[in-house]
Amino acid sequence: MDTDRIIDQLHIYEKKVLKAFEDSDRPLKPEEIAESQEMDIKSVMSAVGALESRGFVRVIKDVQEYVSLTDDGRVYAEEGLPERRLIEVLAGEGELDVSELAERAGLDRKESGIGIGWLMRKGWAKIDDGRVSPVQEGTPGRGADEELLQILLRGPVRPDELDDRLRAAYRDLAGRKGIIDIRKVKSHTIELTPEGRRLLERGVEIVEEATQLTHEHLKTGKWRELHYRGYNVDAEYPMVYPGKIHPLRRIINEIRSIFLALGFTESRGPVVESAFWNFDCLFQPQDHAAREMQDTFYVKNPPFAQLPTDDLVGRVQSVHEDGGSTGSEGWQYEWDVDVARQSVLRTHTTCVSARFLTENRPPLKMFSVGRVFRRETITYKHLPEFHQVEGIVAGEDVNFRNLLGILREFYRKLGFRVRFRPAYFPYTYLSTECEIYLPDKKSWIELGGAGMFRPEVLEPLGVETPVAAFGLGIERLAMIRLDIRDIRQLYQSDLGWLRKLPVTGDLQL
Ligand SMILES: N[C@@H](Cc1ccccc1)C(=O)O
């Protein structure tokens with residue numbers, strides 16, 4: 001990498017550490033760098049670590065011994081070693097009995113014992129038959145050990161900085177228990193490598209980096225000149241699992257926003273519905289297979305639902321029986337109002353559209369999203385309960401092509417390609433099934449039905465314009481979007497899966 005780029009990439013602390021070597025050829029201590037660059041030691045050390053890993057500095061680790069006085073040692077340094085105190089008494093008295101000597105010197109038995117031992121070793125006195133007498137006139141001169149005690153009284157010293165004489169004295173004192181303490185201190189010295197020197201010679205410019213934008217910066221306009229510390233996107237971070245909207249609900253919201261953006265009004269209807277709204281008013285004959293118990297959930301409580309006005313019920317009846325005034329023959333059977341009264345869990349959301357048409361006059365665009373229920377065995381691709389998005393567009397010049405255009409636009413907004421195949425529903429003509437393309441599988445899957453409501457549906461409801469209608473499944477769409485193979489996953493609290501989904505935004509991962 002070229003040097004300029006390396007310099008640019010250096011953190012400001014790393015630049016500062018390099019700068020510390022600008023006027024110095026010798027290795028530096030972290031403390032020195034901290035002082036000259038006005039940094040704290042921790043920042044110096046972390047910058048040194050970064051520079052070292054890139055080969056710009058070398059860290060020399062060193063263990064230093066420091067010698068200092070213990071509390072007892074301090075007393076000896078101030079008042080004299082026991083042998084000094086003994087010899088001073090002897091110098092005045094000449095010769096004394098051991099215990100008398102101790103007493104006169106103000107030493108306890110133990111200390112005087114040690115002192116007498118050292119008197120002998122240092123050759124200052126001799127002992128004869130329990131009596132101690134000095135070897136020479138006057139008091140002997142101060143020894144190296146006593147000199148070292150005086151030095152230590154001023155502060156700790158490093159043994160390797162002592163001259164030979166004092167170092168020997170240090171060893172003596174170290175051998176006498178309890179006078180000095182030896183402490184090991186690890187120290188670092190930082191040395192610039194030739195690569196580091198070369199980098200430094202290219203000129204390292206230090207621009208202070210702001211880590212915080214203050215009120216003051218904004219007020220004075222200083223924010224314009226500040227250089228901001230970059231975010232470290234590689235920094236470690238704790239995993240958090242914030243609450244989020246369930247992915248199925250997110251797709252539903254997305255679908256709602258598409259239809260709202262297309263100018264549709266949102267509506268809804270009951271989940272427990274009468275067979276009348278779910279089937280009859282949609283010109284579905286009362287012996288139709290879809291109405292069988294094995295396909296539809298019939299509700300025990302309440303077993304019957306309220307029907308709309310007799311007028312409407314009557315018109316639906318005549319359309320079923322003979323086509324009423326529609327010109328159709330109807331289904332040619334005796335329509336039973338009690339069958340229409342039965343309550344069911346709605347099997348599709350098309351009943352919401354039928355209800356809406358009795359209460360609103362065209363032109364109109366309506367959509368609704370809701371749960372529907374069918375007696376399905378639960379498998380990886382079937383659930384007895386799922387969601388549909390239903391819609392109608394009603395107006396004087398609404399036609400089948402408009403319907404295809406709306407569906408194409410809807411799926412395009414969701415990111416899918418759609419195609420249409422002919423289909424049959426009792427309530428629409430023309431009818432179609434929409435399929436969307438799965439590029440991964442190179443195949444098409446069926447997602448819903450659509451068509452133009454038949455006159456047999458519109459006439460009893462009192463609607464005089466064409467009505468385009470569609471009803472599309474949502475779960476399958478979600479499965480494709482979320483790339484899941486088992487529809488049940490949408491209804492399980494599988495935290496592992498849910499946690500990994502992004503919190504917001506497009507679910508197309
Ligand atoms: N109700 C149909 C879909 C559909 C709605 C509207 C018109 C035509 C078809 C279904 O559940 O599959």
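Just the heavy atoms: all of them, side chains too, but no hydrogens, waters or symmetry mates, feed the values below. One-based numbering, in listed order, for ligands and for the atoms of each.
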Phe279 and His348 aromatic ring geometry - parallel, tilted or perpendicular at 30°/60° bounds: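 Rings of His348 and Phe279: tilted, 30 to 60°.
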Taking the inter-plane angle between the rings of His320 and Trp335 on a 0 to 90° scale, is it parallel (under 30°), tilted (30 to 60°) or perpendicular (over 60°)?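 Tilted: the ring planes of His320 and Trp335 meet at 30° to 60°.
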Contact atoms of ligand 1, heavy-atom distance to Thr428 under 4.0 Å: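 Per the distance check, 7 (C), 8 (C).
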Distance filter under 4.0 Å to Thr350 heavy atoms, resulting ligand 1 atoms: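 The atoms of ligand 1 under 4.0 Å from a heavy atom of Thr350 are 1 (N), 5 (C).
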Check whether [X] reaches the backbone of [Y] with its side chain - one donor and one acceptor, N or O, closer than 3.5 Å.
X	Y	value
Lys244	Leu501	yes
Thr296	Ala290	yes
Glu32	Lys29	yes

Look at atom 2 (C) of ligand 1 and find which of Phe470, Tyr424, Phe453, Tyr427 reaches it with the closest heavy atom.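 Answer by nearest heavy atom: Tyr427.
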Heavy-atom nearest neighbour in the protein, as seen from atom 6 (C) of ligand 1, with distance rounded to 0.1 Å: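 Protein heavy atom with the smallest distance to atom 6 (C) of ligand 1: Glu390 OE2, 3.4 Å.
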Identity and distance of the protein heavy atom lying nearest atom 9 (C) of ligand 1: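 Of every protein heavy atom, Gly449 C, 3.4 Å lies nearest to atom 9 (C) of ligand 1.
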Using heavy atoms and a 4.0 Å limit, tell me yes or no: is Arg374 in contact with ligand 1?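 For ligand 1, residue contact (heavy atoms, under 4.0 Å) with Arg374 is present.
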Under a heavy-atom criterion of less than 4.0 Å, does Gly448 contact ligand 1?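 Gly448 does not count as a contact of ligand 1 under the 4.0 Å cut-off.
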Restricting to side chain to side chain contact (heavy atoms under 4.5 Å, CB included), what partner residues turn up for Val271, sequence neighbours left out?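 Residues passing side chain to side chain contact (heavy atoms under 4.5 Å, CB included) with Val271: Leu345, Arg346, Phe373.
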